[in-house]
Amino acid sequence: MRVRFAPSPTGRFHIGGARTALYNYLLAQQTGGQFILRIEDTDRKRFDPSAEQELASSLRWLGLDWDEGPDKGGPYGPYRQSERADIYLKYINILLEKGLAYYCFCSPERLARVRHQQQKLKKPPRYDDHCRDLSPIDAKERVNAGESYVVRFKTPKQGKTTAVDLLRGPITVDNSTLDDYILLKSNGLPVYHLAAMVDDHLMKITHVLRGSEWLPTFPLHVLIYQAFGWEQPTWVHLSVFLNPSGKGKLSKRFAIDPKSGARSVYVLDLKQTGYLPEAVNNWIALMGWSYDDHTEIFSMDELIEKFSLEKLNPSPAAVNYSKLDHFDGIYIRSLQLDDLTHRILPFFKSAGLPVDETTLSRITPLIQERIRTLEDAVEIAGFFFNETVEPDPEQLIGKNMTAADSAQAARQASEVIASLPGFENDAVEKSLRNLADEMKIKAGQLFGVLRIAITGQRVSPPLIESMQIIGKDEVLHRIEQAVAILNRQI
RNA sequence: GCCCCCAUCGUCUAGUGGCCCAGGACGUGGCCCUCUCAAGGCCAAAACCGGGGUUCGAGUCCCCGUGGGGGCACCA
């Protein structure tokens, strides 16, 4: 099985493309076939020089490595369409010679005018066949004379064309609803319809998995294959991703905004936000594909083993970021501690914290089940690397307590801790609980005051364990600081 | 406007004529656990778009509506 992922480098790489790439990759791995990366850069106007880079690093991050591609080469290169112009010309000429394509000299202005009128008359905008029946000899002369031209496909006027999609079955359309599509632009480069068909054939692609936005021109593609007399690949059109609301195609304007729950659609943004590639793969794999009625967690190896085209779902799917969070939490909790430590380390660094791996490795077990993304680790545990804490005076006052109560509780806690011979977890916890009993307050109230005093946060990793990492002296110092702050409020 | 595709809980989905008074997951609500927050456990609410057929029997097949999505470029 030979499959390909053929994006056009016109913008950032998003999860829709990632899913298409993933499915292609899975098929190749599963069958021991090849996964080809082809860059469809025939549109020089929309070309974005940074796009191919981002695409490559996104795919690598996800672990979707390709067997043949622009950087790797392979037996059917080059793998960048802009470098294959002469190949396309050869096939355009074949069509021209067969009388299945023709030169068209209409100016873009004329075409726009024609289109405009048709729309005004509420007729489908289509080419008006102005050049369709020009004599090939005359046309060739005009070409030789240097006149600007394009080449159009001579779509049959009569009959029907049936295109077979693996998920949807046969799709039959009247040829009269099809246009005489442009195959070769006036700049000498082909459009997708020609380039992709020629490449898929030459690169011996056996299964084409692509977005369902190609469904309307699918019959044209079949017609092109037929015009060349080539055997068609198996066609599979993947459903589109919809916005989380379910309204409209996934828009690329989602910003990273944790408050509103919005996330970016871009793979690299997901990486930067602290999602695990394992989670992202698992998440996108399940949008449009399922294995059975209950299995949801799939490692890459399991996906390779269990993926099947037959279980693909043709209906559009709204993306659900909270499910991504869920998967990410699961994968984070399943990580070995040292692995997790290494993964969260860069996030502390980029937050500008003076993190050291030894300390961080003691923190990791405390936060592993509390974070949904790697970035969350900084939020919950960043305070460990701050020299000082600045507790909010208001928050320092315990639940159902006055400032005086809280100050007293803190002072006594400080004394109890100071009097301890060591600083072991059990001893600290036991003595603090005893203190709470003696003071006739709940342990939770005492812990609450101390939590703010020591971590500066209302939400933190477990208090006693956190104290161990901060150290006895600093803990006592922070409690004293809190007492002082509380005293000012009495 | 024309063409094409799709249609099960809010969302992702299972379901290929009887196993379905429709299963799982996320999310939501409640309870338990609990030093906060999580995690974990238990429970709950929540769907076959509508109408016609076909059939002994339809979520499952067919038709028509409706709704949603996509496309209609010298973009892919």
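This is a predicted model, so every value here is computed, not measured. A note on names: the letters A, B, ... follow the listed sequences, proteins ahead of strands, and every chain is numbered from 1.
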Measure from the side chain of [X], starting at C-beta and using heavy atoms only, and say which of [options] lies closest.
X        : options             : value
A/Lys323 : B/C5, B/C6, B/G24   : B/G24
A/Lys45  : B/G68, B/G1, B/C74  : B/C74
A/His193 : B/C6, B/A76, B/C35  : B/A76
A/Arg451 : B/G69, B/A39, B/C35 : B/C35

Look at all strands and tell whether [X] reaches a base, only sugar-phosphate, or nothing, counting heavy atoms closer than 4.0 Å.
X        : value
A/Gly211 : nothing
A/Gly288 : sugar-phosphate
A/Pro219 : nothing

Is [X] near enough to [N] that one of its side-chain N or O atoms lies under 4.0 angstrom from OP1 or OP2?
X        : N     : answer
A/Arg372 : B/G27 : yes
A/Ser239 : B/C5  : no
A/Lys249 : B/G71 : yes
A/Ser290 : B/A14 : yes
A/Lys185 : B/C75 : yes
A/Lys311 : B/G15 : yes
A/Arg115 : B/C72 : no
A/His326 : B/C26 : yes

(Q) Roughly how many Å apart are B/C61 and B/A46, using the C1' atom of each and rounding to a whole number? (A)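 After rounding to an integer number of Å, I get 29 Å for this pair.
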
Q) With sequence neighbours left out, which residue pairs that include part of residues 167-200 of chain A fulfil the ring pair (Phe, Tyr, Trp, His ring centres under 6.0 Å) condition? A)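 Counting only pairs at least two positions apart or across chains, the ring pair (Phe, Tyr, Trp, His ring centres under 6.0 Å) contacts touching residues 167-200 of chain A are A/Tyr181-A/His193, A/Tyr192-A/Trp214, A/Tyr192-A/His221, A/His193-A/His221.
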
